[in-house]
Participant: 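Below is one structure. I have some questions about it.
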Amino acid sequence: MSAQIIYGDQLAQSLREDMKQEVKKLKNKGVVPKLVVILIGDDPASKSYVSGKQKAADFIGIDSELITLPSSTSETELLKLINDLNHSKGVNGILVQLPLPEHINEQHIIEAINPDKDVDGFHPISIGRLLTNQDTFLPCTPLGILTMLKSKNIEIAGKHVVVVGRSNIVGKPVGQLLLNEHATVTYCHSKTKDMSLYTKTADILIVAVGQAGFITSEHIKEGATVIDVGVNRIEDGSLTGDVNFEQVKEKAAYLTPVPKGVGPMTITMLMKNTIKAAIAQTK
Ligand code: GUN
């Protein structure tokens with residue numbers, strides 16, 4: 001058996017077409033969704049993510065402003081900027097690209113963003129709402145993963161979801177999101193002993209560890225759905241996931257590729273959250 005590949009880029013493109021129509025209608029009502037992205041320093045990966053966000057916003061018709069600041073920017077200066085944007089009526093969504101330079105406390109910054117404009121879904125209020133299953137801005141990668149699973153009608157309720165990785169951005173929230181969808185959720189991480197004991201029982205395996213080829217066919221059950229969140233640059237300069245694609249595709253029922261998998265969906269969900277913010281703030 002060879003897995004059906006879930007192409008996130010194709011799904012993302014079709015969702016962006018839908019959003020373009022939605023934004024057109026909003027504009028007719030005088031609502032122009034606006035996202036402000038703050039990029040500090042010149043990390044090449046961050047620059048590339050941010051340019052992907054700008055491109056998606058342009059396509060959909062979302063007004064997006066990029067504020068680039070030098071890595072010498074102080075925490076106080078950044079907090080002041082966020083405070084201004086919190087109070088700026090035309091700004092619906094605020095995203096501060098992570099990671100931040102070491103002298104800036106990431107948590108201080110995340111907590112300074114008005115939860116009504118928290119399109120990343122990283123604010124403790126957003127996370128608390130996710131935990132208690134209330135309407136909120138869902139973190140973009142977890143929401144992208146859920147959307148990919150639903151696009152293939154993959155059953156979640158009652159299934160065993162194993163999440164490998166426990167980051168605040170992906171691992172932890174994706175487990176919570178799928179728990180809300182009635183999955184049985186197990187988290188594995190760097191201190192887990194005999195990881196394959198757990199991964200082998202996963203109906204849906206979500207991997208976000210940042211190690212090229214970490215998951216092999218030995219780790220998975222025949223017929224599993226495998227979602228690869230990893231983006232690793234290898235020696236030849238190409239991008240590869242956390243899953244050994246060639247091995248796992250012979251055993252899994254569904255598998256996401258890298259690139260063209262989860263990545264484009266993450267950006268698309270950011271646009272979805274920005275439109276949601278604009279609508280909520282217009283009411
Ligand atoms: N850095 C890597 N992924 C993300 C993300 O989803 N949001 C932000 N703000 N920074 C990131």
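All ligand and atom numbering here is 1-based and tracks the order in the structure. Quick caveat: nothing in here was measured; it's all calculated off a predicted structure.
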Participant: Do ligand 1 and T266 have nitrogen or oxygen atoms that lie under 3.5 Å from each other?
Facilitator: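 There is no such contact.
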Participant: Are N244 and I215 packed together at the side-chain level, in the sense that at least one heavy-atom pair is separated by less than 4.5 angstrom?
Facilitator: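 Sidechains of I215 and N244: no contact.
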Participant: Should the pair K152 and Y254 be classed as cation-pi, given the thresholds of under 6.0 Å to the six-membered ring centre and 45° from the axis?
Facilitator: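 No - K152 does not lie over the ring of Y254 by the 6.0 Å and 45° rule.
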Participant: Test your reading of the structure: does I169 have an N or O sitting under 3.5 Å from an N or O of ligand 1?
Facilitator: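 No, since none of the N or O atoms of I169 sits under 3.5 Å from an N or O of ligand 1.
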Participant: List the closest protein heavy-atom neighbour of atom 10 (N) of ligand 1: residue, atom name, distance to the nearest 0.1 Å.
Facilitator: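 Result: L98 N, 3.0 Å.
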Participant: List every atom of ligand 1 that sits less than 4.0 Å from any heavy atom of V96, numbering the atoms from 1 in the order shown and giving each element.
Facilitator: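 So the atoms of ligand 1 that pass are 8 (C), 9 (N).
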Participant: Does an N or O from T141, backbone or side chain, lie closer than 3.5 Å to an N or O of ligand 1?
Facilitator: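 Looking only at distances, the answer is no, because the N/O contact criterion of under 3.5 Å is not met.
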Participant: What I want to find out is whether E181 reaches K150 closely enough, with some N-O distance under 4.0 Å, to be called a salt bridge.
Facilitator: yes
Participant: Among all the protein's non-hydrogen atoms, which is closest to atom 4 (C) of ligand 1, and how far away is it?
Facilitator: Q97 NE2, 4.2 Å
Participant: Which part of L270 is near ligand 1, with near meaning a heavy atom under 4.0 Å away: side chain, backbone, both or neither?
Facilitator: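 Neither part.
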Participant: Do the charged groups of K47 and D43 touch, with an N to O distance under 4.0 Å?
Facilitator: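 No.
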Participant: Output the distance between atom CD (E75) and atom CG (N105), rounded to the nearest 0.5 Å.
Facilitator: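 Those atoms lie 5.5 Å apart.
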Participant: Would you find more than 12 non-hydrogen atoms of other residues, nucleotides or ligands less than 6.0 Å from Q107 atom CD?
Facilitator: yes
Participant: Any carboxylate oxygen within less than 4.0 angstrom of a Lys/Arg side-chain nitrogen, looking at D63 and K27?
Facilitator: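 No, no charged N to carboxylate O under 4.0 Å.
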Participant: Please work out which of D120, V170, D43 has its closest non-hydrogen atom nearest to atom 6 (O) of ligand 1.
Facilitator: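 Nearest heavy atom to atom 6 (O) of ligand 1 lies in D120.
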Participant: Counting only heavy atoms, which portion of L95 has something under 4.0 Å from ligand 1: side chain, backbone, both, or neither?
Facilitator: side chain
